[in-house]
Visitor: 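Here it is, the structure, as C-alpha cells.
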Amino acid sequence: QDRLPTSPRPAATRDMAASASGGGGGIVHCGVAVEVTGRPIHPSKGAKEIGVQVVEVAKGLPQVRVLGFKRELRFTASDIAQLVEGRVAEGRLAFVAKDRTQVLLTKGQPAQLEHIARCLKGLTRRGSGPGTAPAGGAAAPPQAGVPAQGAHGGASRGRAGVAGLALDDPAAKRARTALVATPVHAAFHVSQTPPPSTSPAVVALSVVAGGGERVSGLVDLPVYLVDLLFSFEPPDAASRARLSETCTVFAEFVVARRQATLRLVESRGASIPVDRVVQAVGRRSMLTELDLSGYAELTPGAAGKLAGLLGGSSRSQGLQTLRLRGCKLLTDASVRSLLTSCPELQVLDLLEIPRLSNQALRVHLPSLRIVAAGNLGRTVLGERSVAKKEAVLVVHQQSVSGATVDTRLQQTKFQGSCKFTPGLLQQLCAVPASRASPATAPPLTHLVLAHCSEVEALPELPPTLRHLDLRGASLQCPGAELQTWAPLKACVHMESLCLAGNSFLGSAALLTLLRSLPQEARLRALDLSTTRADHELLRAITQLPATASLTHLKLANCGTLQNSVLAVVLLGLRNTMEVLDIAGCKALEAPFSEVAPALPKLRLLAVGQTEFGTPSAIDVTRRTLRTLAPLAEAIPGSLDLFNGYSSWPPTLLQFVRRVVVAAPVAPPAPSAFRRIR
C-alpha cells in the first residue's frame, strides 16, 4: 500500500470506517424490516436516519445499532441466534436474536453488509472496519503466487483483484483508482510469450514494471490487444463480468464489445426508466438480440430513439432478433421505424400488441425467418348473424350408449384487437413465379398469426415453412374451388400445424387442407381443437402419409369426438403418440380402458372436462394408464403444445416424470423468519 499512490476512499468505505472506529459517526443507509415475536415494527415517522450503525464500546464486542425505530435496538455477537448471509452479494442480510427479534437489511452495499455480518459473528476487532489496516502498521504487499486473503481470513473465493488482492479490499480499490489516473503502457512491459498454463486474461492483468512491482489493469491496453487476448478463451459471460470489476473502462469494453444480448424478460411489475433502456442499447455496439418482452412502459417516442440507435453506422452488425411481446403502447409507425433500422432481422415477436395492422410490417426484410403476431390470451367472441339471426350448426349424433347428443357448434368470429389481413400473408408467403430456383424463395420458416380475425383466406404457402399457427382466424371454404384448393402443397418441411378455433371451415375443407400436404411432409404436431372436425376427418388422420406419424395431437372441445372414433385414432397412432389433449370433448364416456390400446410412448394425456377426468373417474384413468402407458401422466385440464412460444424456434411440449428421492427432514425455521428471508 505504501508504494501505491493514494486516492480518496469511497464514501461507503469512509462511513463504515468512521462508524467502526468512532462510536457512532457513520451510518449504513439501507432498507430495514424488524419483527418482534412475529409482529412487525413500523419505522418512526419523524426518524431522520434509517439504517444500521456499528458502535464500539469501551469494553466488549462492537454493537450493531438499528436506527429509525422508536424502540432502541442494539445487538452484539452474543445476542444472535441465527445469521443468514447467503445473499449478501445481492444486498440482503438477515439475523434473528435470541429474544426472537428478527431484522432484515435490504438494498445495502455488499462490503458494508459483510462488515456488519463480521461484527454479529464476533470476528471484528476494535478499530478494524473496512479501510483500516491491521494492528502493526500498513499491510504488506502480497507476494507473487500467494493467494489473497478474503474477508474471512481465507483465500478470496475466485474473485481475482488488483495485484492479487480481493476486489473489495481497500488497497485494491486505491490501486485501481491509481491505474485509471496513471498511464502504464509506456512504462511497463507485457510478456509476448505467456507460459502455456497461463490464461491470456491473467497475462493482461500481470503487467511487470522495471522495478519488479506487480500492477494490474487493462485500462491503458489498446482495444485491439484486449480483443486479441480474449480471442484465446471461449466467451464466458460470468468470467468477463467478474473481471470487469477491476475498472470502469474495462467494464464499458465488456458491455460494448462482448455483450450481444439484452433481455428485460423479468420487467413485469418493475419500474425501469425508459431512458435507462435506451442507454443500455446505445452502449452495446455488437447487439444482435433485443428482448423487451413485457416492458409495457416502452412508448412510441422511446421506440423512435431505439430505432435511431439500432440503425447507426457505428454498429458492426445489425440486429437479428427482436422481441416486443407485450409492449402494448407501440403503434404501426413505431414498429415500422424499428423494423426499418433492422434490415438483417431474422426473428420478430409482436405478440400481445394490440391495434397493429399490415402497415407495421410494410418493410423489406429479406432475412426474416420467424414472425409472430396477434394475441395468445383470451379472446372476445362476437356473434356473426345471418339475416339478423344467429347461425348455429346443430348436429344430432348417437353416443356409444345409444342416447342422442345435441352438439351445437356456434359459428363465431373472433373480434381480436389486431387488424392483420390476408394481404400480410400474401406479403410474407409470396412464392416466386419460377420454382426452378428455390434459392429465391422467402426464408420464412415459422409463422404465427394468433386470433387475427380478419385473416379469411389462405394463400399458397412457401416450401420453407415448418410451423404455421392460425388459431382463431376466420378461414373460409373456397366454395366451388374446394377440390383444387391446395395451399399446403409446397410445404415439404411442415412439422407443426395449428388451426384451432377456425369454426368457419367445415370438416371437408379441413380434410382437403390436410390432404394438400405433400407425401414427403411429416407432421409432428396438429391442433384441431374447437373445430368442426368429424369422424371422417379424424379417421383419415391415421391414414394420410403426412399425419400418420404424429407425436402431439390436440382435439380439445371437439364435440363430435366419441369413444369409437377416439379408439381408431389411438390405434392408428399408438406407436408415435406422445402428447394427446382431448379436454372438453363431452361426448366421450368412461371408462378410458374401453378405448385405449397399449401406448408405449404416451407421456401426457389431458382429460379435463370429460368423463375421464371427473373427480370420481380420474383415479381410474390413471390406473389404466399405468398398465397401457407406464410413462404417461393424466392431466385434469388442457395443454399448450407449443409452451406459449417462450422460445424461438418454438419447442414442443415435453414431459419427464420426476423421481422424488426421500431426504432427511430438517427442523422448520420459525414462520415469521421464513417470511423475512
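Heads up: numbering here begins at 1 and tracks the sequence.
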Visitor: Please check if any side-chain donor atom of Asn502 sits under 3.5 Å from a side-chain acceptor atom of Thr531, or the reverse.
Guide: no
Visitor: Can you confirm whether the side chains of Asp332 and Ser357 place a donor and an acceptor under 3.5 Å from each other?
Guide: yes
Visitor: Can you run down the salt bridge (charged side-chain N to carboxylate O under 4.0 Å, His left out) pairs that involve residues 360-376, sequence neighbours left out, and say none if there aren't any?
Guide: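 Found none.
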Visitor: If the condition is salt bridge (charged side-chain N to carboxylate O under 4.0 Å, His left out), which residues does Glu344 pass it with, not counting sequence neighbours?
Guide: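 Counting only residues at least two positions away or on another chain, Glu344 forms no salt bridge (charged side-chain N to carboxylate O under 4.0 Å, His left out).
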Visitor: For the CD atom of Glu460 and the CG atom of Leu488, what is their distance to the nearest 0.5 Å?
Guide: 9.5 Å
Visitor: Determine whether more than 12 heavy atoms belonging to other residues, nucleotides or ligands lie under 6.0 Å from atom CD of Gln609.
Guide: no
Visitor: If you round to the nearest 0.5 Å, how far is CG of Leu306 from CG of Leu290?
Guide: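 CG of Leu306 is found 7.0 Å from CG of Leu290.
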Visitor: Would you give me the side-chain donor-acceptor pairs under 3.5 Å for residues 570-577, sequence neighbours excluded?
Guide:
residue: Arg574; atom: NH1; partner: Leu571; partner atom: O; Å: 2.5
residue: Thr576; atom: OG1; partner: Leu550; partner atom: O; Å: 2.8

Visitor: Output all residues satisfying ring-ring contact (aromatic ring centres under 6.0 Å, His included) with Phe642, sequence neighbours left out; order by chain, then residue number.
Guide: His467, Tyr645
Visitor: Taking all atoms of both residues into account, what is the closest heavy-atom pair of Ala533 and Leu538, and its distance?
Guide: CB-CD2, 4.3 Å
Visitor: What distance do Leu324 atom CG and Ser334 atom OG have between them, rounded to the nearest 0.5 Å?
Guide: 8.5 Å
Visitor: According to salt bridge (charged side-chain N to carboxylate O under 4.0 Å, His left out), who are the partners of Asp527, at least two apart in sequence or on a separate chain?
Guide: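 Salt bridge (charged side-chain N to carboxylate O under 4.0 Å, His left out) check on Asp527 returns nothing, list empty.
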Visitor: Who pairs with Asp349 by salt bridge (charged side-chain N to carboxylate O under 4.0 Å, His left out), at least two apart in sequence or on another chain?
Guide: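 Asp349 satisfies salt bridge (charged side-chain N to carboxylate O under 4.0 Å, His left out) with Arg325 once adjacent residues are dropped.
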Visitor: As a quick check of understanding, evaluate salt bridge (charged side-chain N to carboxylate O under 4.0 Å, His left out) for Glu495 and Arg524, giving each step before the final call.
Guide: CA-CA 5 Å; Glu495 297 178 354; Arg524 294 186 57 201; 5.2 Å; no
Visitor: Between Lys586 and Glu611, is the closest basic N to carboxylate O distance under 4.0 Å?
Guide: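 Looking at Lys586 together with Glu611, the answer is no, because their closest N to O distance does not fall below 4.0 Å.
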Visitor: Could you grab the distance from atom CG of Leu425 to atom SG of Cys452, nearest 0.5 Å is fine?
Guide: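 So the gap between those two atoms works out to 8.5 Å.
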Visitor: Run the side chain to side chain contact (heavy atoms under 4.5 Å, CB included) test on His552 and Leu526 for me, step by step, so that the C-alpha distance in whole Å, both residues' side-chain angles and the decisive distance to 0.1 Å come before the verdict.
Guide: CA-CA 6 Å; His552 293 64; Leu526 178 62; over 6 Å; no
Visitor: Is there side-chain contact between Thr261 and Arg263, with at least one heavy-atom pair below 4.5 Å?
Guide: yes
Visitor: Check the side chains of Ser638 and Asp581 for a donor-acceptor pair under 3.5 angstrom, ignoring hydrogens and angles.
Guide: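 Their side chains do contain a donor-acceptor pair, which is all the 3.5 Å distance test asks for.
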